[in-house]
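To keep things clear, I will list the structure first and then write my remarks on it.
Protein chains get the first letters and strands the later ones, always in sequence-line order, with residue 1 at the start of each.
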Amino acid sequence: MKSLIALLLFASGTAVAADCAPMNLISEPNSPFKKIPVYDQDGAGTCYSYVASVLANYHLLKNGETTLKVHPHWAALKFAESEKRAELRGGFSDLALKAIMESGNCSYDLAIKGIANWAKKNSVSEEKIIALIESYAKKASGEKRKSVRDQLFTKALKEESFVCAENWTGVFPEVTALEFLGAPQLFSRLLFKECNEKLEPLSLPKPKFVEGMNDQGFKDELNRKLSALRAPIGISFCSGVLENPSFKGISRRLEGQKYKLDYNKGCGDHEAAIVGRKEVNGQCHYLLRNSWGSNYSSKTSEWKCFCKDKRTGQFIDDCTNKSKNSYQYSFEGCWIPENSLIPNTFGLTTLEQQ
Amino acid sequence: MNLLKICALILFYFLSRVAMANPCETFKALNSEVTLCWSEKLMGWVSKDCFDPKKTCEALKFFETAAKISDVSENTDGQNPSAKLCKELDLTVDIYRDSQNNEQSMCVFGDLSMVDSHTLRRHVR
């Protein structure tokens with residue numbers, strides 16, 4: 001009997017260890033994350049485009065490329081165009097990648113140049129341009145009268161609190177003269193003119209999105225994919241859990257072969273990248289690479305983050321706000337326990353060979 | 001010998017003052033750059049000019065007077081909650097890159113002083 005119990009205990013421990021074999025894509029030798037920055041999506045709902053950028057650039061850098069190729073703003077633009085959306089917010093990384101593969105990629109530097117040139121022309125920041133165009137496009141939806149579009153643009157300027165609204169008078173006509181176009185089309189015409197003339201083919205493994213599973217299903221799939229692909233995996237989840245470890249943002253109900261979702265209040269649909277895992281006290285913890293800036297760390301002291309000493313390049317695996325929140329460290333990702341993350345997960349995105 | 005000791009003490013004093021000065025770093029945006037310095041008091045990045053007692057700084061004034069906010073929406077729909085909070089407080093948000101090329105959103109006040117968005121949020125939550 002004792003030997004049976006011992007065998008069962010050994011088997012369960014082995015099972016956890018096998019499912020949660022440690023890995024860390026940020027700290028591995030020659031990691032593409034040496035070149036992929038920690039992004040900050042600002043107040044825009046374009047998290048999916050940052051995940052698309054991370055997944056694509058990781059693959060490309062791992063397979064011979066030496067520079068970043070896919071810019072998040074280009075990914076957002078192509079997604080919105082392909083889905084005929086008027087706004088850039090609220091998308092899916094797999095669809096963004098498919099759209100770029102179909103239509104062509106704008107090089108990273110050219111994408112930045114397009115935005116930078118327009119920002120310089122108007123003496124405003126990149127974020128202001130994006131916020132303004134989104135705000136204006138939303139208001140001007142379907143409006144053909146130029147005089148009304150002028151008024152709507154002025155309104156958008158005020159709402160976006162431009163410090164020097166008069167900077168826009170020079171390009172005011174340029175924007176409002178365009179027959180109504182959604183935000184994607186405005187971006188494409190105004191910011192990415194050169195991009196559209198110099199598109200490059202983008203070859204990636206097939207983007208794949210899985211959904212409709214229960215907690216165990218998502219956990220098994222995530223662990224399986226991490227082990228098989230050894231590449232970042234996009235995770236769609238309720239960001240409410242990042243503020244409260246016991247938060248549960250979704251309820252699942254079985255309908256036929258798939259689980260349908262009911263979203264609870266405060267879910268906060270979000271997408272980020274899983275770039276590592278390790279076992280802590282019998283529970284698998286996943287390393288979440290978020291797009292909320294390099295000074296973002298876990299709000300709760302129970303979770304630890306993964307930091308880099310900016311002076312030495314050394315990684316530290318147990319950062320918290322209190323212990324390592326200094327000028328010396330950048331937060332590369334945070335460890336989220338499976339009991340918090342998995343019940344809030346509703347999708348996984350991978351790049352897989354056919 | 002006494003003179004030598006005095007000189008050594010003076011040199012040590014000035015060197016220690018330099019060492020204790022707030023560490024600063026240049027942050028770059030698309031078309032501009034700013035120098036931000038680390039505030040141990042706030043545990044975050046603040047405009048360099050804010051450390052000059054002769055200059056007024058709206059960013060620091062904010063921390064002296066801001067009350068805790070309990071009713072800010074937690075549901076960010078995937079947005080950076082700190083950047084979202086800055087906008088809800090009628091502040092501008094700009095993205096800057098640090099020495100490691102990592103991005104960080106900064107909340108910009110009317111006098112163009114700024115503080116990193118997570119530091120602002122930690123203060124008011």
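- Counting heavy atoms of neighbouring residues, nucleotides and ligands inside a 6.0 Å radius, atom NZ of A/Lys248 exceeds 12 of them.
- Inter-residue side-chain proximity for A/Asn295 and B/Met43 is flagged as unmet; no heavy-atom pair is nearer than 4.5 Å.
- If you measure heavy-atom distances from A/Glu271 to chain B, you find no contacts under 4.5 Å at all.
- Counting only heavy atoms from C-beta outward, the side chains of A/Trp292 and B/Pro81 approach each other to under 4.5 Å.
- Residue B/Asn102 touches chain A through both its backbone and its side chain, counting heavy-atom pairs closer than 4.5 Å.
- Contacts of A/Phe192 classified as ring-ring contact (aromatic ring centres under 6.0 Å, His included), with partners at least two apart in sequence or in another chain: A/Trp74.
- Interface check for chain A: of the options B/Leu36, B/Ile95, B/Val93, the most heavy-atom pairs under 4.5 Å are formed by B/Ile95.
- Here disulfide bond (SG atoms under 2.5 Å apart) pairs that include residues 79-125 of chain B, with residues two or more places apart or in two chains, are B/Cys86-B/Cys107.
- Heavy atoms of B/Gln104 lying under 4.5 Å from chain A belong to its backbone as well as its side chain.
- Counting heavy atoms from C-beta on, the side chains of B/Gln100 and A/Ser294 never come closer than 4.5 Å.
- The minimum heavy-atom distance between A/Pro37 and B/Arg97, with the atom names listed, is CG-NH1, 3.8 Å.
- B/Glu103 places a side-chain N or O within 3.5 Å of a backbone atom of A/Asp40 that can act as its donor or acceptor partner.
- For A/Lys308, the part lying near chain B is the side chain, with the backbone staying farther off; criterion is any non-hydrogen pair under 4.5 Å.
- We find the CD1-CG distance between A/Ile36 and B/Asn101 to be 12.0 Å, quoted to the nearest 0.5 Å.
- Using a 4.0 Å cut-off between charged side-chain N and carboxylate O, B/Glu25 and A/Arg311 make no salt bridge.
- Considering every non-hydrogen atom in both A/Ser239 and B/Gly78, the closest pair reads OG-N, 4.1 Å.
- Here B/Asn80 contributes atom CG and A/Cys47 contributes atom SG; the two are 11.5 Å apart, rounded to the nearest 0.5 Å.
- Here the closest heavy-atom approach between residue A/Lys310 and residue B/Ser99 is recorded as CD-OG, 4.2 Å.
- For B/Asp116, the part sitting under 4.5 Å from any heavy atom of chain A is the side chain, from C-beta outward, and nothing else.
- Within a 6.0 Å sphere centred on CZ of A/Phe92, heavy atoms belonging to other residues, nucleotides or ligands number 12 at most.
- Side-chain contact between A/Asp42 and B/Lys84: absent, with no pair of heavy atoms (C-beta onward) separated by less than 4.5 Å.
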